[in-house]
Amino acid sequence: MSITNSAFPLISAGKLTCIREDRILFEALNIEINAGDIVQVEGPNGVGKTSLLRILAGLSEPFEGKVYFNNKLINRNRELFHQNLLYLGHLPGVKGEMSAQENLSFNLALHGLDSEAAEQTLQEVNLLGFEDALASHLSAGQHRRIALARLWQSKAPIWILDEPFTAIDKLGVKKLEKLFLQHVKQGGCVILTTHQDLSLPDEQVKKIVLTYKF
Amino acid sequence: MSITNSAFPLISAGKLTCIREDRILFEALNIEINAGDIVQVEGPNGVGKTSLLRILAGLSEPFEGKVYFNNKLINRNRELFHQNLLYLGHLPGVKGEMSAQENLSFNLALHGLDSEAAEQTLQEVNLLGFEDALASHLSAGQHRRIALARLWQSKAPIWILDEPFTAIDKLGVKKLEKLFLQHVKQGGCVILTTHQDLSLPDEQVKKIVLTYKF
Amino acid sequence: MWKWLHPYANPEVTYHFTGKILPWFVALTVITLSTGLVWALLFAPADYQQGDSFRIFYIHVPAASLSMGIYVGMAVAAFCSLIWQLKLADASAAAMAPVGAVFTAIALLTGSAWGKPMWGTWWIWDARLTSELILLFLYLGVIALHNAFEDKNLAGRAASILTLVGVINIPIIKYSVEWWNTLHQGSTVSKLGKPSMTIDMLWPFIFCFLGFALLVTTIICIRFRTEILARNSIRPWVRNLVILENK
Amino acid sequence: MLNKKVMTITSSNKLSYRDAFMLIIKRDLTIAFRHRDDILNPIIFFIIVVTLFPLGIGPEASTLSRIAPGIIWVAALLSTLLSLDNLFKSDHNDGSLEQMLLSPHPVFILVLAKIIAHWLVTGLPLIFIAPILAVLLHLNENSYGALMLTLLLGTPVLSLLGAIGVALTVGIKKGGVLLSLLVLPLYIPVLIFATSAIDTSAMNLPYSGQLAIIAALFFASLTLAPFAVSAALKVSTN
Amino acid sequence: MLNKKVMTITSSNKLSYRDAFMLIIKRDLTIAFRHRDDILNPIIFFIIVVTLFPLGIGPEASTLSRIAPGIIWVAALLSTLLSLDNLFKSDHNDGSLEQMLLSPHPVFILVLAKIIAHWLVTGLPLIFIAPILAVLLHLNENSYGALMLTLLLGTPVLSLLGAIGVALTVGIKKGGVLLSLLVLPLYIPVLIFATSAIDTSAMNLPYSGQLAIIAALFFASLTLAPFAVSAALKVSTN
Amino acid sequence: MQFDSISDFFNMGGYAFFVWLAYGATAVMLALLVISSNSSFKKMKQQIAQRQKRETKLRQAAQLQRTLELEHDQQEQQAEKNNSKEVLS
Ligand code: HEM
Ligand SMILES: Nc1ncnc2c1ncn2[C@@H]1O[C@H](COP(=O)(O)OP(=O)(O)OP(=O)(O)O)[C@@H](O)[C@H]1O
Ligand SMILES: Nc1ncnc2c1ncn2[C@@H]1O[C@H](COP(=O)(O)OP(=O)(O)OP(=O)(O)O)[C@@H](O)[C@H]1O
Ligand SMILES: [Mg+2]
Ligand SMILES: [Mg+2]
């Protein structure tokens, strides 16, 4: 079933409420994200962007409300949802004890992708020559690049990325933005947070603006 | 002794060479940083910016070369140097088990500053109302703000900051840039790395550009 | 079957309901327990073999059996909270753990104080004693886990998992300790069998037992109310309640 | 540049359970072998703890042989306990655990694979080293078989039950000692039946009863622990 | 907005050694008391390990009383060892250690403060709980004094020597078991002299000789360990 | 009444230490449990009240933040205007 034929939004949420430490971060939030959307979650530090993304990815449970993937509850269809989801959080999920290539191969294989493509994909993120370096011996940005490399191979339509540009240099950011455009053109969607300005055309980017609610 | 009267650069380095994993990151680098300088170390991911900053702060030893503070070798005058240095690395040095205020008070006291000022300083970094929240319960950006709050109280002339803007929202970045300007106006210097564009006037910012050397 | 439970599964209703019955429980506890204890200390006859040290019996046995009973209650609550996601079950399990731990400690302490005159030692590695000690460890583990999580709901779920793993463990421990023990030495001392008590010993015992059971209920009730407040602190009814009381 | 098709909601890009299982085992073993220490250290800890006792208690052969089964088993318990920290903690700290929970496989399969890899690295070596230490402690000659058998059946139980404890504490900053409070009481039945089996064997009596119980514990924990662990992981990463 | 003066190169904004020392102690104790568990857990670990032995060895009072000193001291060793992880590791992981090394104070003072705070939280409670456990193990009645004294003098040595091991392994990802490999051999002298003192006291003989040696170990490690630790920290954070 | 005198009662047939240890320890532990249960109930209410106060503080801080953001935006618009003026002239 191709997404473009699907009548339902790729991911949607109804009446989401998130409470942390007795503070209401957001209340009765309704979200609907369709194929082709790039959604930037905006707001100052501590407003609840990461919390929202984790709820959408099914990593935390909201205080109230439901998240749907293709109109199905995500907790009821966990495996199907995860096959169609790529989430990258604050922590890159890269093991320092393995080489860049081993890390990427494992990540690809775990998500059912072709792990042979690892070497070629590392080239995309400018890690050529570092394939065999242990990840713990790489710089902050190179470390994150290993995690990001998965994006180039991913077939999952839903990308949820929490500050993907952290520690990435300018050329890298450009390249990522291009990749996002390509991804949504192919019928995927991207939900991301970042404190940097995106250089994507404004009409491409939808925004969810969170504000302090007390 | 006021800095402005000093004939020597605040911090200088002669013939620095750094080698990691048999790769030469930089070779025979000479650096001279005077009061009033904002120095941005630039370069793509993995080029050696963090390595350079750690060497300047005396946290790592260079393969070759020496670092001088006010024309004195830093390893010979460790305590004096550290009284005049403020270094913030990738890791914020904030303990999740303590509240925001306790963290800041401790940090201030450890560096001989007035720990009473903590509450007021937290206001500067927009953490009013979070004084008593455990640091581990704060968001990524709020966490880093606790570490950065020290800057507002610091009397050390030399600031070495490795990606200080990570996870900080736009308003926060603006505020930090303003603080840097004020700091150098008072005779300090700031050495920093960041992958974001600084919105400081170009003539204010000196650049050290590192490039891949293979 | 769960339908009739429904009105009480509302935290606000439960909070007010428990608040109403609590004074009655307190009164009943005070009456029963004081009657039982005075009877046990002053009027019950001394044992013809153990003399007046037998008076420890009147707290030791209620404490020991309650310590196990509370764990079973906690496990049932944990089960409900995991399967049906009943937040109130969670709160009641959290309320029971410290009470159970204290009663286990009391059983151990009174047992020791009884063992020294009877067996000549404070402690032997007998089956019953050992499994009671391990029960204490299980309680402490559950409490530590409750304290380790800041989020009460997460803490409740984590502790529920541990409680259930522990409850499977309890019969195993009891059984294994007995077997392990009989291999090395027959446990002769502690197996008194059921003491065929005379009626003038039985009545004070019944009163003490009931009194301690009521005390347990009362304390759990108080702690339960605390837990309800902790889990619902952002609800308007809690806020209003607090504001009203502060005025 | 990459020739990608239009995105589809799909359930095809998925490994078989067996492949996912093997993938995790392979990865964990790779990481363990990368630092050889990971494999040597539990063994060395085991050896050191066992040798501490003759030093603390005195060298008399009769006392030592009397307490040998207990000491070897307690040392095995403790060395498993210490190595448990590696099981999920580092994966949690660098975000890999999150990624595994988000992978399109049932979590209990991944968990089971991790536990088995852990046992291969920390439990299995103990079985080979134990007889040598038993010699040092003058273990009764009839007991070697029982020692090996109880370790073979018992150490997986330790890894499986331990995993539950680790999963519960993985989100907590300083879970180190809390872990032992949670896990050690769960280990007690294994300890009791195993040492009882060894003691029985020393008297040349059959110990199949105890062994059967350990085996039962093994199968029970093998089937139930992975589910408890995955439930616990979901709670503690929330 | 803040009324700052022109920056100067200065050596005035500095705490006295005593203030710096107290600051660190206060901080570490605050963190420990924040989770009460941090204080309870080493004690509970100690208790549980001690109870494992009767379970593994059997309940006979005579055997237990024979091996009681060894068991209590080995348990003290292990519980110190387990709690050592907290000493520098978490500070290293969140960057606080770096900040301390960059502070304008001699590193050995900060280190000494951290070690003393660690002992207050993990060593001291053991001394209070040990007599109760000794009762459970039927320790000889003459030996209680010796047990307490050796623990009082010996546990600080464990913290001090342990700190060296932690400092050396703090930069290594999985230092857990490597640590025990480094540290336990250093602990052996303490173990031998302490248990020997307790055994001697059980026979109602004077044990001041052993005690003097432990005291000597204490003073030697108190003066030397902080320097070794600060050197080790500099190496392992490089 | 099983005892002839008060001292007889306290003596407990020679088992005074053990009996009173058992009863005393039980009383102390139960008293502590009751007291701590009660005080934690009260503390919980206080905590909730305190949080409510903190919230008002947070609300004020949020207000401040919002006004700051507004000011910031206005400044930026001003700056842009100035820039465009320069270009024009
Ligand atoms: C630390 C030491 C002791 C512990 C941990 C302990 C624990 C227990 C436990 C768990 C029970 C079971 C309660 C139940 O089944 O409802 C019990 C019952 C009992 N204990 Fe103890 N006990 C200890 C010492 C003693 C001593 C020294 C005596 C007397 C000499 C004693 C006499 C009894 C009696 C008479 C019962 C009731 C048995 C029955 O009716 O089933 N206990 N104790
Ligand atoms: N711990 C280490 N061990 C060995 N090599 C290392 C280590 N840390 C960094 N390197 C090497 O040094 C090089 C420079 O790293 P450094 O962290 O200085 O880069 P950087 O310029 O700060 O990059 P980024 O922008 O990603 O932060 C890296 O390419 C890496 O290969
Ligand atoms: N583990 C936690 N426990 C309790 N409260 C938390 C926790 N993590 C975050 N919070 C609270 O939730 C709020 C939102 O956090 P979140 O991480 O979602 O913010 P964010 O929008 O991602 O901020 P940032 O831009 O700094 O990353 C924070 O203000 C904090 O008070
Ligand atoms: Mg965030
Ligand atoms: Mg860097």
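Every chain is numbered from 1, with letters handed out A, B, ... down the list of sequences. Not measured: the values here are computed from a predicted model.
Scored by the side-chain contact (heavy atoms from CB on, under 4.5 Å) test, Lys174(B) finds Ser199(B), His72(F), Glu76(F) as partners (sequence neighbours excluded). Applying the side-chain contact (heavy atoms from CB on, under 4.5 Å) rule to Thr121(A) yields the partners Leu104(A), Ala117(A), Ala149(A), Trp152(A), Gln153(A); only residues at least two apart in sequence or on another chain are considered. Partners of Glu102(A) according to the salt bridge (Lys or Arg N to Asp or Glu O under 4.0 Å) rule, which considers only residues two or more places apart in sequence or in another chain, are Arg34(D).
Contact count versus chain B (heavy atoms, under 4.5 Å) is highest, among Ala133(A), Gly129(A), Gly141(A), for Gly141(A). In terms of heavy-atom pairs under 4.5 Å with chain A, the best-connected choice from Arg144(B), His137(B), His143(B) is His137(B).
Residue Glu42(A) holds its CD atom at 5.0 Å from NZ of Lys170(B), rounded to the nearest 0.5 Å. Considering CG of Asp197(B) and CD of Gln196(A), their distance stands at 9.0 Å, rounded to 0.5 Å. In this structure, Ser139(B) OG and His90(A) NE2 are separated by 7.0 Å, a value rounded to the nearest 0.5 Å.
Other residues, nucleotides and ligands contribute more than 12 heavy atoms inside 6.0 Å of the CG atom of Leu73(B). More than 12 heavy atoms of other residues, nucleotides or ligands lie within 6.0 Å of CZ in Phe63(A), so this atom counts as buried by the packing criterion. Applying the 6.0 Å contact sphere to CG of Asp202(A) captures no more than 12 heavy atoms from other residues, nucleotides or ligands.
In this structure, the portion of Glu21(B) lying under 4.5 Å from any heavy atom of chain A is its side chain and not its backbone. Only the side chain of Arg145(B) comes within less than 4.5 Å of a heavy atom of chain A; its backbone N, CA, C and O stay farther away.
Taking non-hydrogen atoms and a 4.5 Å limit, the residue list of residues 161-169 of chain A in contact with chain B, ordered by number, reads Glu163(A), Thr166(A), Ala167(A), Ile168(A), Asp169(A).
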